[in-house]
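The structure follows.
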Amino acid sequence: MIEIELDGRKVEVTEGSMVMHAAEKAGTYIPHFCYHKKLSIAANCRMCLVDVEKAPKAVPACATPVTQGMIVRTKSDKAIKAQQSVMEFLLINHPLDCPICDQGGECQLQDLAVGYGQSSSRYAEEKRVVFHKDVGPLISMEEMTRCIHCTRCVRFGREVAGVMELGMVNRGEHAEITTVVGETVDSELSGNMIDICPVGALTSKPFRYSARTWELSRRKSVSPHDSTGANLIVQVKNHRVMRVVPLENEAVNECWLADRDRFSYEALNGPDRLTQPLLKQGGQWVEVDWATALEYVANGLQQIKTKYGAASIGALVSPHSTVEELYLAGALVRGLGSENIDYRLRHADFAPPEGVRWLGRDIASLSNLQAALVVGSNLRKDHPLFAQRIRQAVRKGGRVYAINEVEYDWAQPVARTIVADAGAWAQALADVAAAVAQAKGVEAPAAGTVTEAAQAIAKGLLAGEHKAVLLGNGAAHHANAGTLLALAQWIAQQTGATAGYLTEAANTVGAQLVDAVPRAQGQHAAQMLAGGLKAALLFNNEPVFDSAVGADARQGLAQADMVVSFSPFKANLDLCDAILPISPFTETAGTFVNAEGRAQSFHGVVRPLGETRPGWKVLRVLGDMLGLPGFSQETIEDVRAVALPGDIAARLNNATSAAIALDQPAGAPCTAAIYELDGIVRRAPALQLTADARQGRVWTDAAAQDPAQQAQEVVA
């Protein structure tokens with residue numbers, strides 16, 4: 001440790017730290033623009049000039065290493081005058097358009113100009129103009145004249161997103177930030193450039209000119225999409241979600257958000273929102289009140305139970321639903337006497353669960369992995385924030401290996417990829433296991449060939465201390481998922497690594513915790529979708545888009561006498577007899593359990609739209625109407641206490657007794673493209689205009705080209 005004196009106070013920092021780091025530790029604010037704690041040091045803006053004793057002139061705090069006994073003054077006349085001079089320089093060409101700038105009110109330059117700027121300028125020459133650029137549907141670069149060349153956006157792309165999509169061209173007053181020959185910014189983390197831009201040069205295209213920052217209320221929430229459980233600040237005006245930005249949480253999402261988490265809010269205000277219960281009468285949809293809709297559903301369930309038995313009733317539930325909703329959906333089905341409930345719509349292996357499958361380690365520890373083997377995942381698109389952490393591990397010297405159907409671009413160096421058809425993944429893992437066994441002189445768990453690639457992966461996993469074998473969405477949905485897990489566990493045990501699932505959805509772990517899977521003789525998702533039900537409850541999902549059977553779900557569900565959809569959107573119109581409008585995550589309270597087993601509860605940030613009601617309340621009332629036990633909860637906290645009793649960590653377990661079967665046939669697993677994961681992202685206009693959406697859109701048939709098109713069938 002090195003001790004310095006900062007503004008008269010002694011501060012101890014580690015050797016190699018900069019003066020800026022010492023100031024942060026001491027709680028002393030030094031004005032800056034280009035410095036960002038998550039990015040490399042550029043020392044571009046010079047705003048952080050400080051007075052160091054014996055230095056002939058002021059030096060930048062962000063790029064000056066501390067030395068033993070250094071004396072630093074951040075508020076001396078020398079430092080203040082230097083900072084004021086830099087501010088004057090930065091404002092020479094800056095346009096005076098704060099009243100119409102989207103960043104007005106949350107602009108670092110605006111804030112610091114108040115303290116360090118002059119009341120008038122000495123420069124009367126014409127200001128420079130930088131022409132706007134169109135870089136895609138998410139980021140607006142309409143006013144690049146505001147840019148102060150801090151290069152935060154450039155460094156973010158290169159160091160965090162892994163793709164240097166922006167760069168600086170030319171020099172002097174002709175310098176500007178731009179893409180190469182008019183290309184778009186297509187990174188799945190691109191929206192973070194908006195957050196870190198200290199001026200109004202990069203702004204949100206969907207949010208642009210829709211509200212002023214001081215008009216917005218800020219409320220905490222949790223992302224309902226992938227299994228990171230990213231923490232959000234949802235900004236609201238007049239009970240309408242206007243913008244979503246990250247809530248910093250170093251243990252989960254740090255200070256970043258995936259574009260999927262940031263821009264999907266557009267769907268919440270879209271034309272496809274369902275605001276009134278619908279019943280199909282004479283082939284036409286008719287809006288009804290809640291009492292009529294619930295009475296119809298309750299009577300229908302009772303009649304079908306009487307006529308066909310309780311085993312003919314089932315629920316297909318979404319792992320993007322809250323713990324409380326999933327628990328009550330299970331209580332409803334089981335209260336009727338059925339075991340037909342399943343969240344595993346995209347799975348092909350329905351072996352009885354042996355434990356709650358999870359990541360196998362803390363999310364934050366992904367940033368420090370020395371070796372990782374990823375099986376069956378397009379890591380960068382399936383889990384953008386996990387990929388970002390592993391990218392940081394690689395920058396520190398870690399090595400990543402992959403087994404996949406194709407060689408994906410993960411925007412980071414991959415030491416070795418074994419490219420194999422999904423049916424051969426088990427054999428590829430067995431080859432790696434054989435190489436590990438050979439290196440350690442132990443018996444291999446299955447017959448494998450010690451190939452050169454398998455040897456390289458085994459060598460990497462046997463070195464170092466922090467290692468993981470990570471099974472992706474493709475491995476979880478695989479027809480031979482049990483074998484993949486058994487082999488991954490064996491490899492992990494022999495190499496000292498952890499084995500776990502990246503897990504697909506916001507609440508995949510939570511769905512397991514509340515037993516949203518069939519017990520005993522209950523039907524699993526594939527059986528229910530194949531026509532095994534007479535009464536089907538679709539909770540927050542669209543089987544045509546969210547299941548492994550795709551369009552074939554229509555034929556299976558057509559065999560039911562009654563199909564009820566619980567959805568925030570006009571969804572499943574061609575499948576259902578009734579649709580009940582339930583609240584999306586912004587209009588209800590609930591809990592998501594992320595991949596590491598962290599339960600994160602949240603409250604609604606806006607009131608329900610129209611006659612929409614929170615899903616847990618709809619299920620509770622329906623259970624009451626059916627006279628079922630266990631539906632007396634008054635608050636969401638009451639439901640949560642019953643749904644998640646005891647210690648969650650004690651139930652997390654990736655151990656398996658599955659037999660290893662290398663010859664089991666398996667087709668391509670069902671996985672969703674980045675902007676097809678759930679009903680919210682599928683209906684977010686800006687996301688659907690991105691390059692990722694255009695490349696990843698694979699519809700099951702012509703009739704299902706756009707979920708929103710189905711809404712036109714509604715007749716009030």
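All heavy atoms count here, side chains included; hydrogens, waters and symmetry mates do not.
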Distance from Ser264 atom OG to Arg683 atom CZ, nearest 0.5 Å? 12.5 Å

Arg391 atom CZ: more than 12 heavy-atom contacts under 6.0 Å: yes

Answer yes or no: does atom CD of Glu250 have more than 12 heavy-atom neighbours from other residues, nucleotides or ligands under 6.0 Å? yes

Determine whether Glu5 and Lys10 make a side-chain contact, defined as any pair of heavy atoms from C-beta on separated by less than 4.5 Å. yes

Pairwise side-chain contact, Glu143 with Cys101, heavy-atom cut-off 4.5 Å (strictly under): no

Do Met242 and Val236 touch side chain to side chain, with heavy atoms closer than 4.5 Å? no

Using 30° and 60° as the class boundaries, would you call the ring planes of His32 and Tyr35 parallel, tilted or perpendicular? perpendicular

Measure the shortest side-chain to side-chain distance between Thr14 and Met1 over non-hydrogen atoms and say whether it is less than 4.5 angstrom. yes

Minimum heavy-atom separation for Glu596 to Asp362, with atom names? OE1-CA, 3.4 Å

Roughly how far apart are Asp692 CG and Lys381 NZ, rounded to 0.5 Å? 3.5 Å

Provide the closest heavy-atom pair for Thr588 versus Ser583 in the form atom of the first, atom of the second, distance. CB-CB, 3.9 Å

Side-chain donor/acceptor of Arg128 to backbone N/O of Glu173, under 3.5 Å: yes

Has Glu15 got more than 12 heavy atoms of other residues, nucleotides or ligands less than 6.0 Å from its CD? no

State the CG-CD distance between Asp134 and Glu183, to the nearest 0.5 angstrom. 13.0 Å

So, does Lys205 use its side chain to make a donor-acceptor pair with the main chain of Gly136 at under 3.5 Å? yes

Just checking Arg607: does its CZ atom have more than 12 heavy atoms from other residues, nucleotides or ligands closer to it than 6.0 angstrom? no

Any side-chain to backbone donor/acceptor pair from Asp226 onto Thr228? Under 3.5 Å, distance only. yes

Main chain of Thr74, side chain of Asp7: is a donor-acceptor contact present, judged purely on distance under 3.5 Å? yes

Only one of Lys81, Arg46, Arg122 passes salt bridge (Lys or Arg N to Asp or Glu O under 4.0 Å) with Glu88; say which it is. Arg122

Stepwise salt bridge (Lys or Arg N to Asp or Glu O under 4.0 Å) check, Glu106 with Arg243: CA-CA 14 Å; Glu106 51 187 7; Arg243 183 168 61 170; 2.9 Å; yes

Under 3.5 Å side-chain donor-acceptor pair for Asp51 and Ser76: yes

Chi angles and distances behind the side chain to side chain contact (heavy atoms under 4.5 Å, CB included) call for Thr586, Arg219: CA-CA 10 Å; Thr586 51; Arg219 295 158 189 174; over 6 Å; no

Looking only at non-hydrogen atoms, find the nearest pair between Pro246 and Asn253 and report the distance. CB-ND2, 4.2 Å

Give a yes or no answer on whether the side chain of Gln600 reaches the backbone of Gly229 with a donor-acceptor pair at less than 3.5 Å. yes

Checking salt bridge (Lys or Arg N to Asp or Glu O under 4.0 Å) for the pair Lys37/Glu254: CA distance, chi angles, key distance, verdict? CA-CA 11 Å; Lys37 63 183 178 181; Glu254 300 175 87; over 6 Å; no

Using the side-chain contact (heavy atoms from CB on, under 4.5 Å) rule, pick out the option among Val252, Val593, Val222 that qualifies with Arg598. Val252

Residue Lys396 excluded, over 12 heavy atoms near NZ under 6.0 Å: yes

Using atom types as modelled and distance alone, determine if a side-chain donor or acceptor of Asn192 lies under 3.5 Å from a backbone N or O of Leu257. yes

Is Glu159 reaching over with its side chain to a backbone N or O of Ser40, donor-acceptor style, under 3.5 angstrom? yes

Side-chain contact, heavy-atom cut-off 4.5 Å: Val605 with Phe585? no

Heavy atoms only: give me the nearest Asp259-Leu687 pair and the separation to one decimal. O-CD2, 3.8 Å

Contact summary for Met20 and Cys48, nearest pair of heavy atoms: CE-CB, 3.7 Å

Just by modelled atom types, is the Ala693 backbone N or O under 3.5 Å from a matching donor or acceptor in the Glu676 side chain? no

State whether the number of non-hydrogen atoms from other residues, nucleotides or ligands found under 6.0 Å of Arg218 atom CZ is greater than 12. yes

Run the numbers on Phe156 and Cys153 for side chain to side chain contact (heavy atoms under 4.5 Å, CB included), then give the verdict. CA-CA 5 Å; Phe156 171 84; Cys153 56; 5.6 Å; no

How about Asp382 and Leu502: do any of their side-chain heavy atoms sit closer than 4.5 Å? no

Output, in order, the C-alpha distance, side-chain angles, deciding distance and verdict of salt bridge (Lys or Arg N to Asp or Glu O under 4.0 Å) for Glu587 and Arg273. CA-CA 13 Å; Glu587 298 169 19; Arg273 279 298 303 274; 2.9 Å; yes

Just verifying a value: how many Å separate Ile100 CD1 and Tyr209 OH, rounded to the nearest 0.5 Å? 4.5 Å

Are the side chains of Val19 and Met70 in touch, meaning some heavy atoms are under 4.5 Å apart? yes

Backbone of Leu189 reached by a side-chain donor or acceptor of Ser187 within 3.5 Å: yes

Would you check if the side chain of Lys220 reaches a backbone N or O of Asn231 as a donor-acceptor pair within less than 3.5 Å? no

Under 3.5 Å, is there a donor-acceptor pair between the Asn44 and Arg152 side chains? no

Measure the CZ-OG distance between Arg262 and Ser223 for me, rounded to the nearest 0.5 Å. 11.5 Å

After noting the C-alpha distance and the side-chain angles of Tyr265 and Ile680, does the key distance pass the side chain to side chain contact (heavy atoms under 4.5 Å, CB included) rule? CA-CA 8 Å; Tyr265 74 88; Ile680 296 179; over 6 Å; no

Under 30°, 30 to 60°, or over 60°: which ring-plane class applies to Trp256 and His36, parallel, tilted or perpendicular? parallel

When rounded to the nearest 0.5 angstrom, what distance separates OG1 in Thr503 from NE2 in His383? 5.5 Å

For Lys133 and Thr179: C-alpha separation, side-chain torsions, deciding distance, then whether side chain to side chain contact (heavy atoms under 4.5 Å, CB included) applies. CA-CA 9 Å; Lys133 294 136 182 103; Thr179 58; 5.8 Å; no

Are any non-hydrogen side-chain atoms of Ile196 and Cys255 less than 4.5 angstrom apart? no

Kindly give the heavy-atom pair with the smallest separation between Glu188 and Pro384, and that separation in Å. CG-CB, 3.7 Å

